[in-house]
Amino acid sequence: MLRNTYIDQHTSCSTHPTTFRRMRFPFFHRILALSALCGVFGGTLPTKRQQPTVCNGHAELCSRPYGNITFLGSHDSYAFSTDPLIVSRDQEVDIVSQLDLGVRMLQAEGHLNDDGVLHFCHTSCLLFDGGTVEAYLTTVKTWLDANPDEVLTFLFTNGDGLSISETWAPAFVAAGIDTVSYIPPINPMTRSDWPTLGDLISADTRVITFMDAGADGTDGPPVDYILPEFTMLWEPPFDSTDASFPCSVNRTSGPLTNEQHLNLLNHNLDVSVLGILLPNLADAATTNGVASIIADSNGCTAFTGGLAANFVLLDWVDIGEGPQAVDQLNGFSS
């Protein structure tokens with residue numbers, strides 16, 4: 001079984017002294033240059049607190065780069081209900097329960113409701129209205145405040161092409177998520193460019209947000225902490241009805257190679273009912289089992305340089321063995 005392997009990251013620019021000795025600058029200017037380059041390339045971030053001893057539940061993850069870790073994800077995280085008549089639901093437990101289970105990527109789809117306010121909805125707010133984005137983010141911020149040693153990723157869908165700066169960002173600001181969001185020093189970031197979890201936590205920049213459309217400036221001015229997804233994160237096909245989840249690079253863009261991108265598994269199985277694709281709850285225990293998830297990750301290693309997937313996106317996260325599979329992909333026995 002292929003797992004994430006540790007990729008050495010320089011956590012201090014002092015490991016490259018020759019780089020700065022070659023700079024023909026006065027000493028004071030060399031110090032300024034060293035400081036600037038460390039901020040861009042060195043993996044260190046401004047420290048707001050001491051380095052944590054446990055990160056996302058494991059001491060070993062504190063020194064591991066974000067780009068070399070597998071995270072458990074919740075597909076349509078806002079669409080939770082226990083009512084079997086609501087066929088557009090993808091989860092049965094609420095956001096806090098998902099986070100408590102170990103989910104560290106929350107995926108959601110934004111639309112304007114009839115009131116002109118940004119909501120998380122399933123294609124249309126008439127099908128499933130998960131409430132306002134601001135309320136959702138406020139719930140997550142409260143959880144983050146109570147769990148200061150956790151790094152979380154958002155993956156949001158902007159299918160209506162709403163303005164990132166005028167429609168999305170105000171919800172982040174109102175909830176306080178902007179204050180704990182990571183801003184990359186370069187864009188796009190390669191898989192090996194990301195800081196360690198310990199650095200993200202000590203700098204209190206514990207939230208990484210990817211947006212599938214518009215974050216590159218096509219839908220209004222860009223916002224520095226809302227990142228374009230496909231230039232840094234590729235996805236395989238979605239809405240699969242094949243339980244073997246054949247892997248291919250389905251959505252990607254930008255100058256980075258597939259191996260330089262982060263990658264995600266759309267490991268959520270659908271079933272066709274009268275030609276309509278619905279989440280397959282009946283087989284969720286098998287789909288979300290260790291064997292199925294690891295086989296899916298292994299099936300994508302031809303496009304990742306042999307590394308495990310960064311994100312495993314599941315329906316019904318409370319069913320099956322998602323956390324155990326992610327632990328195994330991270331090299332931990334579970």
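Sequential numbering from 1 along the given sequence is applied to the chain's residues. From a predicted model like this one, the values you see are computed outputs, not experimental measurements.
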Revision key, fill the gap. Between C121 and Y78 the two heavy atoms that sit nearest each other are O-OH, 3.0 Å

Exercise for review: Verify, without hydrogens or angle tests, whether D212 (side chain) and G159 (backbone) share a donor-acceptor contact under 3.5 angstrom.
Suggested key: no

Review point. Taking atom types as modelled and ignoring hydrogens, do the side chains of D216 and T218 form a donor-acceptor contact shorter than 3.5 angstrom?
Key: yes

Point to revise | Nearest-0.5 Å distance that lies between atom NE2 in H111 and atom NE2 in H119 | key: 12.0 Å

Check your understanding: Rounded to the nearest 0.5 Å, how far does OG1 of T167 lie from CG of L162?
Key -> 5.0 Å

Check your understanding: Judged by modelled atom types alone, do W234 and N258 share a side-chain donor-acceptor pair under 3.5 Å?
Key -> no

Exercise for review: Before giving the answer on side chain to side chain donor-acceptor pair (under 3.5 Å), spell out for D242 and S244 the whole-Å C-alpha distance, their side-chain angles and the decisive distance to 0.1 Å.
Suggested key: CA-CA 5 Å; D242 184 343; S244 69; 2.8 Å; yes

Check your understanding: Is the ring centre of F71 less than 6.0 Å from the ring centre of Y66?
Key -> yes

**Study point:** side chain to side chain contact (heavy atoms under 4.5 Å, CB included) between V117 and E134, intermediate numbers included
**Key:** CA-CA 9 Å; V117 176; E134 180 181 329; over 6 Å; no

Practice item. Please confirm whether the backbone N or O of Q260 pairs with a side-chain atom of T257, one donor and one acceptor, at under 3.5 Å? Key: yes

Revision key, fill the gap. Heavy-atom nearest pair, L329 first then S297, reads CD2-OG, 3.8 Å

Review point. Is there a chain of hydrophobic side chains (I, L, V, M, F, W, Y, each step under 4.5 Å between heavy atoms) that links F120 to L144?
Key: yes

Revision key, fill the gap. Heavy-atom closest pair (M211 atom, I164 atom, distance to 0.1 Å) is CG-CD1, 4.0 Å

Practice item. Would you indicate whether the side-chain heavy atoms of S240 and D270 approach each other to under 4.5 Å? Key: no

Exercise for review: Could you note down all residue pairs passing salt bridge (charged side-chain N to carboxylate O under 4.0 Å, His left out) where residues 92-103 supplies at least one of them, sequence neighbours left out?
Suggested key: R89-E92

Exercise for review: Ignoring hydrogens and angles, state whether a donor on the side chain of Q91 or S74 is under 3.5 Å from an acceptor on the partner side chain.
Suggested key: yes

Check your understanding: Which distance, rounded to the nearest 0.5 Å, do you find between the CG of L126 and the CG of D114?
Key -> 6.5 Å

Review point. Among T179, L137, D178, which one satisfies side chain to side chain contact (heavy atoms under 4.5 Å, CB included) with V173?
Key: D178

Point to revise | side chain to side chain contact (heavy atoms under 4.5 Å, CB included) between L314 and I319, intermediate numbers included | key: CA-CA 10 Å; L314 303 180; I319 299 173; over 6 Å; no

Check your understanding: Between F311 and F210, what is the ring plane arrangement, given parallel below 30°, perpendicular above 60°, and tilted in between?
Key -> perpendicular

Check your understanding: Looking at NE2 of H261 and OG1 of T252, how far apart are the two atoms once the value is rounded to the nearest 0.5 Å?
Key -> 3.0 Å

Exercise for review: Indicate whether the side chain of D83 and that of S81 have a donor and an acceptor atom separated by less than 3.5 Å.
Suggested key: no

Point to revise | Student check: side-chain heavy atoms of F154 and I208 closer than 4.5 Å | key: no

Check your understanding: So does R191 pair up with D193, basic N to acidic O under 4.0 Å?
Key -> no

Revision key, fill the gap. When every non-hydrogen atom of V93 is compared with those of F80, the smallest separation belongs to O-CB, 3.2 Å

Exercise for review: For the residue pair H75 and V317, establish whether any side-chain heavy-atom pair is separated by less than 4.5 Å.
Suggested key: no

Check your understanding: Do L274 and V271 share a hydrophobic cluster, counting only Ile, Leu, Val, Met, Phe, Trp and Tyr and linking them when any side-chain heavy atoms are less than 4.5 Å apart?
Key -> yes

Review point. When rounded to the nearest 0.5 angstrom, what distance separates CD1 in I95 from OG in S77?
Key: 4.0 Å

Check your understanding: With under 30° as parallel and over 60° as perpendicular, where do the rings of F172 and F156 fit, or are they tilted in between?
Key -> perpendicular

Point to revise | R104 bridged to E150 by N-O distance under 4.0 Å | key: yes

Point to revise | Min side-chain heavy-atom separation P221-S165 under 4.5 Å | key: yes

**Study point:** Within-4.5 Å side-chain heavy-atom neighbours: L264 and L155
**Key:** yes

Point to revise | Nearest heavy-atom neighbours spanning G214 and D219 | key: CA-OD2, 3.2 Å

Review point. Out of curiosity, C62 SG to D199 CG, how far, rounded to the nearest 0.5 Å?
Key: 10.0 Å

Practice item. Indicate whether any N or O donor in one side chain lies under 3.5 Å from an N or O acceptor in the other, for D283 and N280. Key: yes

Point to revise | L265 and L313: CA distance, side-chain angles, deciding distance, side chain to side chain contact (heavy atoms under 4.5 Å, CB included) verdict | key: CA-CA 6 Å; L265 303 180; L313 205 58; over 6 Å; no

Check your understanding: Which heavy atom in L61 sits nearest to a heavy atom in C55, and how many Å separate them?
Key -> CB-O, 3.6 Å

Check your understanding: Does any N or O in the side chain of Q328 come within less than 3.5 Å of the main-chain N or O of V290, such that one atom is a donor and the other an acceptor?
Key -> no

Review point. Does D149 come within less than 4.0 Å of R49, counting only side-chain N to carboxylate O?
Key: yes

Review point. W316 and N288: side chain to side chain donor-acceptor pair (under 3.5 Å), yes or no, with the steps?
Key: CA-CA 8 Å; W316 324 114; N288 294 355; over 6 Å; no

Point to revise | Test item: side-chain donor near acceptor, S292 and H267, under 3.5 Å | key: yes

Exercise for review: Indicate whether the side chain of D129 and that of H122 have a donor and an acceptor atom separated by less than 3.5 Å.
Suggested key: no

Practice item. Count the heavy atoms belonging to other residues, nucleotides or ligands that lie under 6.0 Å from CD of E60, then report whether that count exceeds 12. Key: yes

**Study point:** Donor-acceptor contact below 3.5 Å, side chain N250 vs main chain F238
**Key:** no

